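Read through the structure below, which is laid out as structure tokens, and then see the notes.
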Amino acid sequence: MTTITIEQAGKFDGQEVTIKGWLYNLRESGKLIFPIFRDGTGIIQGVCALKESPEAFEALKGLTQESSVIVTGKIRAEQRAPGGFEIGVSKIQIVQKVPESTPFPIQLKEHGVDFLLDHRHLWMRTPRQAAILRIRAEAIRSAREYMDSQGYTLTDAPMFTPAACEGTSTLFEVNYIDDEKAYLTQSGQLYAEALALALGKIYTFGPTFRAEKSKTRRHLTEFWMLEPEAAYAELPDMMNLGEGLVSAIVQGVVKNKSRELEQLKRDITKLENIKPPFPRISYEDAIDVLGKAGNPAKFGDDFGGDEETLISKNFDKPVIIHRYPTAIKAFYMQPDPDRPDLALAFDMIAPEGYGEIIGGSQRIHDYDLLLKRLKEHNLPQESFQWYLDLRRYGSVPHAGFGLGLERTVAWICGTEHIREVIPFPRMIYRVYP
RNA sequence: UCCCCGAUAGCUCAACGGUAGAGCAUUCGGCUGUUAACCGAAGGGUUGCUAGUUCGAAUCUAGCUCGGGGAGCCA
């Protein structure tokens, strides 16, 4: 007997096959039962008549949701079945029956967020959540494929760091050996710079941690970031790379995960449109745009969620905002030689209010300037000795950015909340399950 | 840390000062083409906690706890 996955069912029309999965739902009608099976690749309706398969009928009768089953039967095209195919159940083996006393908690109806998050380990079995996690995997695959194709080498930055990368955000402190303090990384960037000066073009990809007390649908305490860094690269190179990377991710998902996007009822035409070039506006132009829209932002203000959404509403692609005031940006960012009050930095804002998905910049490569900035920001010079070394031995202009995986995937999927696009979301006040 | 909102059956919600209710889930019964199936019946509650106002509080007030959304900060 051939064992197939549900997504392959259409190719086995008229054949007797076996499916290994779980009971997703059951509709009974006296002497006829319609069980819906899932196996992680999709769902398929089964039919079982008392007259034709009495043994299977008795086994299925009253079977509880999410009981694990191995089903054998003939696949046939059937217009009345969701998905166009159904399986005529001739034999069923119950691997484990969910007890009636403790029914599966996730029902086929609306649930509250708190309840779903408490049952995340079971919530992920629903077709929608499975589709999202498959899209996440494809986003990672296409991102890496694109970076590799551009000559970037995947390297890894450490999770434990001796000090803040940017000095602003709150860090998770870890007790290290005796008097030593260590922190969970909030960015691999500083290490990426060292690697770029060693290998030329590199990227890191891994989890990163922010102890900010952010409670919004755009924030996670633990999230994944892809951070390219390239020696001899300047701001425009990174804006081009970011544009290419985001396009490659979106097009990869559109091409290879269209079924999942349909499952999420995502408007695919909006995603098909995501190709270079992306609109680019300077920070100062963005201030003008905001002013015309009635927003009071003035030069020197940083943009919050409202401002980002307002600007992105003017475009149907991600928008790049570049050259922010030096005063509101991180200490390591290279000032514009023509306008020292502006930093050679850029952000990429996703459409539809999903916020900032990329933040990047050209880095200071001059030793004296970097030292001055460290002092201005009251950062512990001892912790940054190795970082200063990079400006002492063959320093070159270099640049990079960080792409937030979950925000990107949340935008592609059109989910209301970022917590749906990571298997086990970690947020402030939530570490279970 | 600050601002706003919420907490009632396993779940989603209603009742808004006068005996705590519905749908789903569970149990039992019915149904041969169902589509979160449907129809009938049953069980299921210290209304988040503590105090107060009142003849009477799920409902009004205060504090606390937990959660949600947002600000700040960021990807």
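Predicted model only: the values in this text are computed from it and were never measured. Letters A, B, ... are given to chains in the order of the sequence lines, protein chains preceding strands, and every chain is numbered from 1.
With B/G68, B/C74, B/A71 as the choices, the nucleotide that has an atom nearest any side-chain atom of A/R407 turns out to be B/C74. In this structure, the nucleotide among B/G33, B/G70, B/G67 sitting nearest to the side chain of A/R430 is B/G67. Here the side chain of A/R210 is nearest to one of B/G33, B/C74, B/G68, namely B/C74. Closest to the side chain of A/E100, out of B/A25, B/C74, B/U27, is B/U27. Relative to the side chain of A/T216, the nucleotides B/A71, B/U32, B/C74 differ in distance, and B/A71 lies closest. Closest to the A/M427 side chain, of the nucleotides B/G68, B/C31, B/C74, is B/G68.
Under the Watson-Crick or G-U wobble criterion, with both distances below 3.5 Å, B/G43 is left unpaired in every strand shown. Searching all strands for a Watson-Crick or G-U wobble partner of B/U8 with both distances below 3.5 Å returns nothing. Base pairing analysis places B/U1 opposite B/A71; the two distances defining the Watson-Crick or G-U wobble pair are each below 3.5 Å. Of the nucleotides present, none pairs with B/A57 by Watson-Crick or G-U wobble criteria with both distances under 3.5 Å. Base pairing of B/G48 is made with B/C64, judged by Watson-Crick or G-U wobble geometry with both donor-acceptor distances under 3.5 Å. If you check B/C16 for Watson-Crick or wobble pairing at under 3.5 angstrom, you find it has no partner at all. Look at B/A25: it lacks any Watson-Crick or wobble partner with both distances under 3.5 angstrom.
Between B/A58 and B/U19, the two P atoms lie 11 Å apart (nearest whole Å). With P as the reference atom, B/A22 and B/A9 are 14 Å apart, rounded to whole Å. B/U61 and B/C16 have their C1' atoms separated by 15 Å, given to the nearest Å. Taking the P atoms as reference points, B/C73 lies 22 Å from B/G68, given to the whole Å. Rounded to a whole angstrom, the distance from the P atom of B/A14 to that of B/A41 is 25 Å. Only the P atoms considered, B/U46 is 12 Å distant from B/C11, to the nearest whole Å. One P atom belongs to B/G33, the other to B/G70, and the distance between them is 48 Å to the nearest Å. Annotation: B/A42 and B/C24 have their C1' atoms spaced 16 Å apart (nearest Å).
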Begin from the C-alpha positions of A/Y324 and A/D302 and carry the test side chain to side chain donor-acceptor pair (under 3.5 Å) through to its verdict. CA-CA 8 Å; A/Y324 286 77; A/D302 206 354; 5.9 Å; no

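For A/D13 (side chain) and A/A77 (main-chain N/O), a donor-acceptor pair under 3.5 Å exists by modelled atom type.
One atom, CZ of A/F209, and another, C1' of B/C74, lie 16 Å apart when rounded to the nearest Å. Atoms CZ (A/R76) and P (B/G33) sit 14 Å apart, rounded to a whole Å. For the pair A/L403 CG and B/C74 C1', the computed distance is 14 Å after rounding to whole Å. Distance, A/E356 CD to B/A75 P: 5 Å, rounded to whole Å. In this structure, NE2 of A/H219 is placed 8 Å from C1' of B/A75, rounded to the nearest angstrom. The distance between atom CD1 of A/I358 and atom P of B/C74, rounded to the nearest whole Å, is 17 Å. Computed from coordinates, the A/K61 NZ to B/U32 P distance equals 11 Å when rounded to whole Å. The nearest whole Å value for the distance from the CZ atom in A/F223 to the C1' atom in B/A75 is 4 Å.
Across all strands shown, A/D347 has no heavy atoms under 4.0 Å from either base or sugar-phosphate atoms. Looking at heavy-atom distances under 4.0 Å, A/I33 makes no contact with the nucleic acid at all. At a threshold of 4.0 angstrom between heavy atoms, the contacts of A/Q79 with the nucleic acid are absent. Residue A/R218 is in base contact, counting any heavy-atom pair closer than 4.0 Å across all strands shown. Among the atoms of the strands shown, none is found under 4.0 Å from any heavy atom of A/E406. Residue contacts shown for A/Q65 are absent, as no nucleic acid heavy atom lies under 4.0 Å away.
Taking only side-chain nitrogens and oxygens, A/R27 never comes nearer than 4.0 Å to OP1 or OP2 of B/U32. For B/G69, the OP1/OP2 oxygens have a side-chain nitrogen or oxygen of A/H417 closer than 4.0 Å. Note on A/R419: a side-chain N or O is less than 4.0 Å away from OP1 or OP2 of B/G69.
Here A/E66 pairs with A/R38 in a salt bridge; the nearest charged N to carboxylate O distance falls below 4.0 Å. A salt bridge links A/E376 to A/K372: at least one charged side-chain nitrogen sits closer than 4.0 Å to a carboxylate oxygen. Ionic pairing of A/E308 and A/R407 is not present here: no N-O contact between side-chain nitrogen and carboxylate oxygen is shorter than 4.0 angstrom. The pair A/R430-A/D114 meets the salt-bridge criterion, with a side-chain N (NZ, NE, NH1 or NH2) lying under 4.0 Å from an Asp/Glu carboxylate O. A salt bridge links A/E420 with A/R128: the closest approach of a Lys/Arg side-chain nitrogen to an acidic carboxylate oxygen falls below 4.0 angstrom. A salt bridge links A/R136 with A/E406; the closest basic N to acidic carboxylate O contact falls under 4.0 Å.
Between the side chain of A/S214 and the base of B/C73 there is at least one donor-acceptor pair of N/O atoms closer than 3.5 Å.
Sorted by residue number, the members of residues 39-57 of chain A with any non-hydrogen atom under 4.0 Å from RNA chain B read A/Q45, A/V47, A/K51.
With contacts defined as side-chain heavy-atom distances shorter than 4.5 Å, the pair A/P127/A/Q263 qualifies. Residues A/L63 and A/V69 meet the side-chain proximity criterion, which asks for heavy atoms closer than 4.5 Å.
Across all their heavy atoms, A/K329 and A/A343 have their closest contact at CB-CB, 4.4 Å.
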Which letters describe nucleotides 2-15 of chain B, given B = protein heavy atom under 4.0 Å from base, S = only from sugar-phosphate, - = neither? --------BBS---

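The distance from the CE atom of A/M239 to the CZ atom of A/F278 is 13.0 Å, given to the nearest 0.5 Å.
Toward the 5' end of RNA chain B, the nearer of the two residues A/G404 and A/F104, judged by each one's closest nucleotide, is A/F104.
Checking A/T408, A/T208, A/L405 one by one against A/W224, the side-chain contact (heavy atoms from CB on, under 4.5 Å) holds for a single residue, A/L405.
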